J.: 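Below is a structure I'd like to ask you about.
Note that the structure is a prediction, hence the values are computed from the model and not measured.
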Amino acid sequence: MWEIYDKLIEGIPEDLPVTSYVSGSNWTAIRSGDRCGTAMTVSGHNAIDKLPVDLNSATLKETAALAKSWNFRVATIGMAAINAWYNTMENARALGHMDEKDEHGKNAFDYMVESLAGKKVAMIGHFPNIERLTEGKAELSILERAPSGGDYPDSACEYILPESDAVIITGSAFTNKTMPRLLELSKNAMTCVVGPTTPVSSILFDYGVDLISGFCSSDAEATEKVVCQGIRRGLFRTGTMVNCEVTVHGLWRR
């Protein structure tokens with residue numbers, strides 16, 4: 001079950017230092033020089049009494065290993081460190097990100113909405129305004145750890161995902177350790193992992209992901225400032241949302 005985490009961590013060079021770290025109510029950011037990785041802050045039930053590593057002297061790779069922690073606040077720091085290495089525009093272009101008409105990148109759901117028409121779509125995580133994007137186009141099932149309205153509880157994934165044509169998974173499923181099982185359940189569906197916690201790495205393609213929709217910071221200082229201020233949507237003004245497909249045939253492109 002740890003294989004995807006181990007491969008992401010192994011791909012990070014040994015000698016990159018952590019140069020700064022900030023954690024806010026919505027996001028967490030880790031820097032190594034000009035590189036800046038982000039992750040959605042997942043608090044869980046455990047506070048951090050003491051980190052397993054000293055971020056004043058730790059390497060990026062050592063910090064990335066925290067992604068395997070069962071303290072989700074600690075694991076958030078690890079995912080941000082992983083993304084500090086992988087989430088760059090250079091990596092995104094190498095994986096096939098081509099759409100740069102909008103300087104801040106095309107919203108993932110705008111990118112994929114036409115390809116969802118007529119399909120059974122399962123979404124892990126209740127993203128804002130997703131019902132508007134799929135209204136009249138897809139049969140949408142939303143699964144949430146804290147369900148509201150017409151959401152399904154997350155335990156319904158065992159039943160809903162294997163019967164879905166497309167599955168959209170929040171990148172924070174890496175943090176809470178549900179990602180390996182969610183990908184296994186989605187193996188027969190078009191699968192997208194989305195959000196600032198998502199590593200922009202081809203390693204995800206090896207585990208059945210068809211579309212990576214992640215975030216690349218273009219201004220590390222601005223990203224850290226937004227994280228400190230707790231501005232949820234403001235993060236996206238400090239970088240670019242990128243959409244990278246496993247195939248040049250563009251299963252998700254409209």
J.: For Asp34, is the CG atom crowded, meaning more than 12 foreign heavy atoms sit under 6.0 Å from it?
T.: no
J.: Give a yes or no answer on whether the side chain of Lys187 reaches the backbone of Leu183 with a donor-acceptor pair at less than 3.5 Å.
T.: no
J.: Just verifying a value: how many Å separate Ile168 CD1 and Met123 CE, rounded to the nearest 0.5 Å?
T.: 4.0 Å
J.: Could you tell me whether the side chain of Pro162 reaches within less than 4.5 Å of the side chain of Asn188, counting heavy atoms only?
T.: no
J.: Listed by chain and number, what are the side-chain contact (heavy atoms from CB on, under 4.5 Å) partners of Glu221, not counting sequence neighbours?
T.: Arg31, Asp219
J.: Can you tell me if Lys225 has over 12 outside heavy atoms packed within less than 6.0 Å of its NZ?
T.: no
J.: Mind jotting down which residue pairs meet the side chain to side chain donor-acceptor pair (under 3.5 Å) criterion with at least one end in residues 78-88? Sequence neighbours excluded, please.
T.: none
J.: Applying side-chain hydrogen bond (donor to acceptor under 3.5 Å, both in side chains), name anything that partners Asp165, two or more places apart in sequence or on another chain.
T.: none
J.: Is any side-chain heavy atom of Cys157 closer than 4.5 Å to one of Leu185?
T.: yes
J.: Quick one: does Thr198's side chain have a donor or acceptor within less than 3.5 Å of a partner on Gly214's backbone?
T.: no
J.: Could you pull out all donor-acceptor pairs under 3.5 Å where a side-chain atom in residues 147-154 meets a protein atom, sequence neighbours excluded?
T.:
unit_1: Asp151; atom_1: OD1; unit_2: His126; atom_2: ND1; d: 3.0
unit_1: Asp151; atom_1: OD2; unit_2: His126; atom_2: ND1; d: 3.0
unit_1: Asp151; atom_1: OD2; unit_2: Ser148; atom_2: N; d: 3.3
unit_1: Asp154; atom_1: OD2; unit_2: Arg145; atom_2: NE; d: 2.8
unit_1: Asp154; atom_1: OD2; unit_2: Arg145; atom_2: NH2; d: 3.1

J.: Are the side chain of Thr191 and the backbone of Val167 linked by a donor-acceptor contact shorter than 3.5 Å?
T.: no
J.: With side chains defined as the heavy atoms from C-beta onward, is the minimum distance between Phe174 and Leu8 less than 4.5 Å?
T.: yes
J.: Set out, in order, the CA-CA distance, both residues' side-chain angles and the distance that settles side chain to side chain contact (heavy atoms under 4.5 Å, CB included) for Phe127 and Val194, then state yes or no.
T.: CA-CA 10 Å; Phe127 292 87; Val194 60; 3.5 Å; yes
J.: For Glu163 and Lys120: C-alpha separation, side-chain torsions, deciding distance, then whether side chain to side chain contact (heavy atoms under 4.5 Å, CB included) applies.
T.: CA-CA 8 Å; Glu163 297 181 353; Lys120 294 175 68 174; 4.1 Å; yes
J.: Do Ser43 and Phe72 come within less than 4.5 Å of each other through their side chains, counting heavy atoms only?
T.: no
J.: Would you find a donor on one side and an acceptor on the other, under 3.5 Å apart, between the side chain of Thr170 and the backbone of Ser172?
T.: yes
J.: With a 4.5 Å limit on heavy-atom distance, are the side chains of Ser217 and Glu224 in contact?
T.: no
J.: What's the separation between atom CD1 in Ile30 and atom OG1 in Thr223, rounded to the nearest 0.5 Å?
T.: 13.0 Å
J.: So, taking the atom named OG1 in Thr175 and the one named CG in Leu66, what distance separates them when rounded to the nearest 0.5 Å?
T.: 11.5 Å
J.: Do the non-hydrogen side-chain atoms of Leu211 and Val246 ever get within less than 4.5 Å of each other?
T.: no
J.: Would Thr28 and Arg73 count as having a side-chain donor-acceptor pair, cut-off 3.5 Å?
T.: no
J.: Just to verify, what does Asp54 make a side-chain hydrogen bond (donor to acceptor under 3.5 Å, both in side chains) with, not counting sequence neighbours?
T.: Asn56
J.: Return the CD1 to CG distance between Ile77 and Leu55, rounded to the nearest 0.5 Å.
T.: 6.0 Å
J.: Would you sort out whether Lys137 and Glu114 count as a side chain to side chain contact (heavy atoms under 4.5 Å, CB included), showing the intermediate values?
T.: CA-CA 8 Å; Lys137 295 180 179 292; Glu114 293 300 325; 3.8 Å; yes
J.: Hydrogens and angles aside, do Ser69 and Asn71 bring a side-chain donor and acceptor to less than 3.5 Å of each other?
T.: no
J.: Please name the pair of heavy atoms, one in Trp70 and one in Trp2, separated by the smallest distance, quoted to 0.1 Å.
T.: NE1-CZ2, 4.0 Å
J.: If we ignore hydrogens and angles and just use 3.5 Å, is the side chain of Thr197 paired with the main-chain N or O of Met40 as donor and acceptor?
T.: yes
J.: Tell me, do Glu3 and Tyr207 make a side-chain contact under 4.5 Å, heavy atoms counted?
T.: yes
J.: Kindly state each residue pair satisfying salt bridge (charged side-chain N to carboxylate O under 4.0 Å, His left out) with at least one member in residues 168-181, sequence neighbours excluded.
T.: Glu158-Arg181, Arg181-Glu184
J.: Over all heavy atoms of both residues, which pair between Ala80 and Ala39 is shortest? Give the atoms and the distance, please.
T.: N-CB, 3.8 Å
J.: Please check: side-chain N/O of Thr41 versus main-chain N/O of Gly24, any donor-acceptor pairing under 3.5 Å?
T.: yes
J.: Can you tell if the side chain of Val200 reaches within under 4.5 Å of the side chain of Cys244, non-hydrogen atoms only?
T.: yes
J.: State whether Lys61 and Glu10 are salt-bridged, where the test is any N-O pair (Lys NZ or Arg NE/NH1/NH2 against Asp/Glu carboxylate O) under 4.0 Å.
T.: no
J.: What is the distance from atom CZ of Phe205 to atom CD of Glu245, rounded to the nearest 0.5 Å?
T.: 8.0 Å
J.: Do Thr59 side-chain atoms and Glu62 backbone N/O form a donor-acceptor pair below 3.5 Å?
T.: yes
J.: Taking all atoms of both residues into account, what is the closest heavy-atom pair of Leu235 and Val227, and its distance?
T.: CD1-CG2, 4.5 Å
J.: I would like to know whether Asp6 and Lys68 meet salt bridge (Lys or Arg N to Asp or Glu O under 4.0 Å); could you show each step before the answer?
T.: CA-CA 9 Å; Asp6 291 337; Lys68 297 172 69 173; 2.8 Å; yes
J.: Heavy atoms only: give me the nearest Thr19-Gly33 pair and the separation to one decimal.
T.: OG1-N, 3.0 Å
J.: Taking all non-hydrogen atoms of both residues, which atom of Ile12 and which atom of Ala81 are closest, and how far apart?
T.: CD1-O, 4.5 Å
J.: Kindly give the heavy-atom pair with the smallest separation between Ser186 and Leu161, and that separation in Å.
T.: OG-CD2, 3.4 Å
J.: Report the distance from atom CG of Leu143 to atom OG of Ser164, rounding to the nearest 0.5 Å.
T.: 8.0 Å
J.: By the definition side chain to side chain contact (heavy atoms under 4.5 Å, CB included), identify the one residue from Val209, Ile212, Leu95 that meets it with Ser202.
T.: Leu95
